[in-house]
Colleague: 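I have a structure I would like to understand better, so I am pasting it below and will then ask my questions one at a time.
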Amino acid sequence: MTRTLHVLAPQAVLPGSSKPQPATITVDLDRGVFVEVAEGVQAVQEGAEVLRLDPSHVLLPGLIDTHVHLNQPGRTEWEGFATGTLAAASGGVTTLIDMPLNSIPPTTTIPNLETKRSAARETGVYTDVGFWGGIIPGNAGDLKGLLDQGAKGFKCFLIESGVDEFPCVDEQDLIKACDALEGTSALILFHAELGSTADHPHSDPTNYSTFLDSRPESLETDALALILRLARRYPSLRFHIVHLSASSALPLIRRARSEDGVSNLTVETCFHYLSLSAADIPTNATAFKCCPPIRDDGNRQKLIDAVVDGTIDFVVSDHSPCIPELKAGDFMSAWGGVSGLGLGLSLLTTTIGDRVGLPRITELLGSRQAKQVGLQGKKGELKKGLDADFVVFDPTETRTVSLDDLRFKNKVSPYLGRELRGWVKQTYLRGQLIWDGQSPSSSPLGTLL
């Protein structure tokens with residue numbers, strides 16, 4: 001006999017809705033999929049298994065984060081599959097796509113991809129996890145095979161990555177990679193800074209302005225020019241700018257799309273670029289250091305406007321953790337990366353929730369990213385036939401972020417002490433409760449995509 005769960009939600013974000021509305025969602029627990037999504041809170045037969053939501057809570061689809069560094073194997077002391085996916089689940093994320101670098105080996109060959117998958121299977125994952133491949137000099141011949149083995153696309157750096165095993169590429173490397181992938185509709189992701197960082201030997205490295213001056217917006221706009229050349233040359237491929245921080249790139253992106261007909265370019269930004277401003281970063285507060293850098297508040301407001309108007313396609317964490325010792329020193333020597341996995345929904349609700357509402361936030365954190373990595377029709381919406389991944393969210397709860405709220409391994413984050421609005425109460429993966437608001441409610445149930 002089929003086991004079913006009926007979710008009775010006075011407020012639910014359904015596909016195409018402009019605001020939350022009452023709904024009854026039926027889950028086939030054996031198959032882990034939604035089998036019925038009906039408007040209105042309906043009566044169910046006596047004895048049925050029921051999850052009845054508080055009227056103040058909102059039912060959301062499981063969220064997706066396509067930009068996460070889990071670092072296992074090789075640098076598991078930085079994060080790891082178990083801790084990273086648990087942190088994601090605590091924030092309503094049920095699907096992660098893991099970046100190809102910072103783990104050792106990097107995901108640049110089929111054997112390296114299988115090494116990473118084996119580590120994930122051995123550890124276990126609380127959420128579903130997919131994998132990006134990587135483009136480095138000399139591995140163009142590996143790319144088609146990685147794609148055939150399930151890599152969701154390929155990340156590259158146009159500036160040094162910070163780890164020796166993942167060197168940056170130049171235009172000729174990229175032409176070889178694109179030639180190898182032409183006709184596949186593969187997705188190529190760019191760390192879009194091009195050129196050399198500026199050295200300011202007489203400036204104080206404990207001041208954030210010194211680091212900010214070393215990574216000017218021109219690095220991002222110069223990279224964009226290269227990416228647009230490739231996008232025009234290879235219309236069968238897809239190109240994506242990760243973690244855009246420079247608002248000066250936005251007019252160029254809009255013009256390329258509207259006037260030049262470039263339709264194969266997408267763009268993401270990160271929670272930290274929408275939530276944090278350079279002027280608010282204290283002396284030597286290296287938890288704020290990331291590349292590209294957090295810029296001034298005027299820049300932040302323009303990025304928010306670009307999210308609202310659709311120029312920026314979606315928002316990700318770029319969770320890039322490390323051990324605390326690597327955040328020691330100053331802004332010029334510390335590891336660059338922001339840790340915030342699990343806080344994204346709260347950050348976005350706090351930052352733009354009053355402008356766009358929960359359905360749009362859910363789209364930015366769910367269905368748009370599902371489409372980006374080929375998971376549309378499987379993830380990202382409360383819809384019949386999709387995986388029964390869903391979240392119970394209280395959009396009104398306000399909380400000041402403490403160490404207890406950080407579920408990732410190394411609790412170094414610029415969000416500590418920040419007051420956020422909106423908090424995840426429960427997270428379900430394929431109909432099974434994996435986060436109960438305080439702790440994992442089961443052993444790891446995630447699968448590898």
Side-chain angles (χ1 to χ4, degrees), residues 5-27 33-34 36-42 44 49-65 88-95 127 271 274-275 307-308 314-315 317 341-370 379-384 386-399 401 405 419-438 441:
L5 171 68
H6 302 279
V7 184
L8 308 183
Q11 298 187 78
V13 173
L14 301 181
S17 64
S18 61
K19 62 181 180 180
Q21 61 190 79
T24 300
I25 315 290
T26 305
V27 177
V33 298
F34 298 121
E36 186 177 359
V37 178
E39 295 183 5
V41 177
Q42 302 182 353
V44 297
E49 187 172 347
V50 173
L51 173 64
R52 192 182 303 272
L53 269 62
D54 185 285
S56 66
H57 295 169
V58 184
L59 186 71
L60 308 178
L63 307 179
I64 299 168
D65 193 339
S90 75
V93 175
T94 53
T95 302
T127 68
F271 304 118
L274 303 178
S275 303
V307 171
V308 172
F314 50 80
V315 188
S317 70
L341 191 55
L343 300 176
L345 177 57
S346 302
L347 285 162
L348 213 56
T349 300
T350 303
T351 304
I352 67 169
D354 291 338
R355 289 186 65 178
V356 302
L358 266 177
R360 182 68 188 287
I361 287 175
T362 302
E363 181 186 7
L364 292 165
L365 303 183
S367 58
R368 286 198 178 188
Q369 297 191 55
K379 302 280 189 184
E381 295 181 292
L382 300 176
K383 188 175 182 180
K384 181 178 178 179
L386 274 63
D387 286 356
D389 304 341
F390 58 92
V391 180
V392 180
F393 181 63
D394 184 345
T396 62
E397 180 179 349
T398 300
R399 188 180 299 190
V401 179
D405 298 314
E419 186 175 86
L420 300 181
R421 176 165 56 87
W423 217 260
V424 169
K425 312 305 288 186
Q426 292 178 319
T427 304
Y428 289 76
L429 180 69
R430 286 184 289 278
Q432 304 297 319
L433 181 65
I434 59 172
W435 177 258
D436 67 5
Q438 298 294 327
S441 61

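The first residue in the sequence is number 1, and the count goes up from there. The analysis underlying the following values was restricted to heavy atoms, covering all of them including side chains, and did not include hydrogens, waters or symmetry mates.
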Colleague: Among Asp354, Thr351, Thr398, which one satisfies side chain to side chain donor-acceptor pair (under 3.5 Å) with Arg421?
Modeller: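 Result: among Asp354, Thr351, Thr398, Asp354 is the only option passing the side chain to side chain donor-acceptor pair (under 3.5 Å) with Arg421.
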Colleague: Between Ser56 and Pro395, what is the shortest heavy-atom contact and its length?
Modeller: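 Nearest heavy atoms, Ser56 then Pro395: O-CD, 3.5 Å.
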Colleague: Which heavy atom in Ala9 sits nearest to a heavy atom in Leu53, and how many Å separate them?
Modeller: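 Looking at all heavy atoms of both residues, the closest pair is CB-CD2, 4.0 Å.
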Colleague: Show me the pairs that pass side chain to side chain donor-acceptor pair (under 3.5 Å) and involve residues 355-364, at least two apart or across chains.
Modeller: Asp305-Arg355, Glu363-Arg368
Colleague: So, for Ile361 and Gly353, which heavy atoms are closest and what is the spacing to 0.1 Å?
Modeller: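 Where Ile361 meets Gly353 most closely, the heavy atoms are CD1-CA, 3.8 Å.
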Colleague: Starting at CZ of Phe390, measure out to CG of Leu59 and round the result to the nearest 0.5 Å.
Modeller: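 Between atom CZ of Phe390 and atom CG of Leu59 there are 6.5 Å.
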Colleague: Please say whether more than 12 non-hydrogen atoms of neighbouring residues, nucleotides or ligands are located less than 6.0 Å from NZ in Lys383.
Modeller: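 Count not over threshold, so no.
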Colleague: Write down the atom of Ala388, the atom of Val27, and the distance for their closest heavy-atom approach.
Modeller: CB-CG1, 3.5 Å
Colleague: How long is the gap from CZ on Arg399 to CD on Glu419, to the nearest 0.5 Å?
Modeller: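 Result: 12.0 Å between the selected atoms.
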Colleague: Does Gln11 use its side chain to pair, donor to acceptor, with the backbone of Pro55 at less than 3.5 Å?
Modeller: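 Checking the backbone N and O of Pro55 against the side chain of Gln11, a donor-acceptor pair under 3.5 Å is found.
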Colleague: Quick check against the 3.5 Å criterion: does Glu39 have a side-chain atom that pairs as donor or acceptor with the backbone of Pro22?
Modeller: no
Colleague: Kindly give the heavy-atom pair with the smallest separation between Trp423 and Val401, and that separation in Å.
Modeller: CH2-CG2, 4.3 Å
Colleague: How close do Ser346 and Thr350 get, counting heavy atoms only, and between which atoms?
Modeller: O-OG1, 2.7 Å
Colleague: Give, for atom CG of Leu420 and atom OG1 of Thr349, the distance between the pair rounded to the nearest 0.5 Å.
Modeller: 9.0 Å
Colleague: Does CZ belonging to Arg52 count more than 12 external heavy atoms closer than 6.0 Å?
Modeller: no
Colleague: Does a sphere of radius 6.0 Å around CD in Gln42 hold more than 12 heavy atoms from other residues, nucleotides or ligands, not counting ones at 6.0 Å or beyond?
Modeller: yes
Colleague: Measure the CZ-CD1 distance between Phe271 and Ile352 for me, rounded to the nearest 0.5 Å.
Modeller: 9.5 Å
Colleague: Do Leu60 and Leu345 come close enough that some side-chain heavy atom pair is under 4.5 Å?
Modeller: yes
Colleague: Are any of the side-chain heavy atoms of Asp387 and Val33 separated by less than 4.5 Å?
Modeller: yes
Colleague: Is there a donor-acceptor pair under 3.5 Å between the side chain of Thr24 and the backbone N or O of Gly40?
Modeller: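 Checked: pair present.
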Colleague: Just verifying a value: how many Å separate Thr94 OG1 and Leu63 CG, rounded to the nearest 0.5 Å?
Modeller: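 Answer rounded to 0.5 Å: 6.5 Å.
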Colleague: Would you check, one step at a time, whether the test side chain to side chain contact (heavy atoms under 4.5 Å, CB included) holds for Leu347 with Leu274?
Modeller: CA-CA 9 Å; Leu347 285 162; Leu274 303 178; over 6 Å; no
Colleague: Show me the donor-acceptor pairs, under 3.5 Å and distance only, between side chains in residues 428-435 and residues at least two apart or in other chains.
Modeller:
| from | atom 1 | to | atom 2 | distance (Å) |
| --- | --- | --- | --- | --- |
| Tyr428 | OH | Gln426 | OE1 | 3.3 |
| Arg430 | NH1 | Asp128 | OD1 | 3.1 |
| Arg430 | NH1 | Asp128 | OD2 | 2.6 |
| Arg430 | NH2 | Asp128 | OD1 | 3.0 |
| Arg430 | NH2 | Leu445 | O | 3.2 |

Colleague: Can you tell me how far apart CG (Asp394) and CG (Asp54) are? Round to the nearest 0.5 Å.
Modeller: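 It is 7.5 Å, given to the nearest 0.5 Å.
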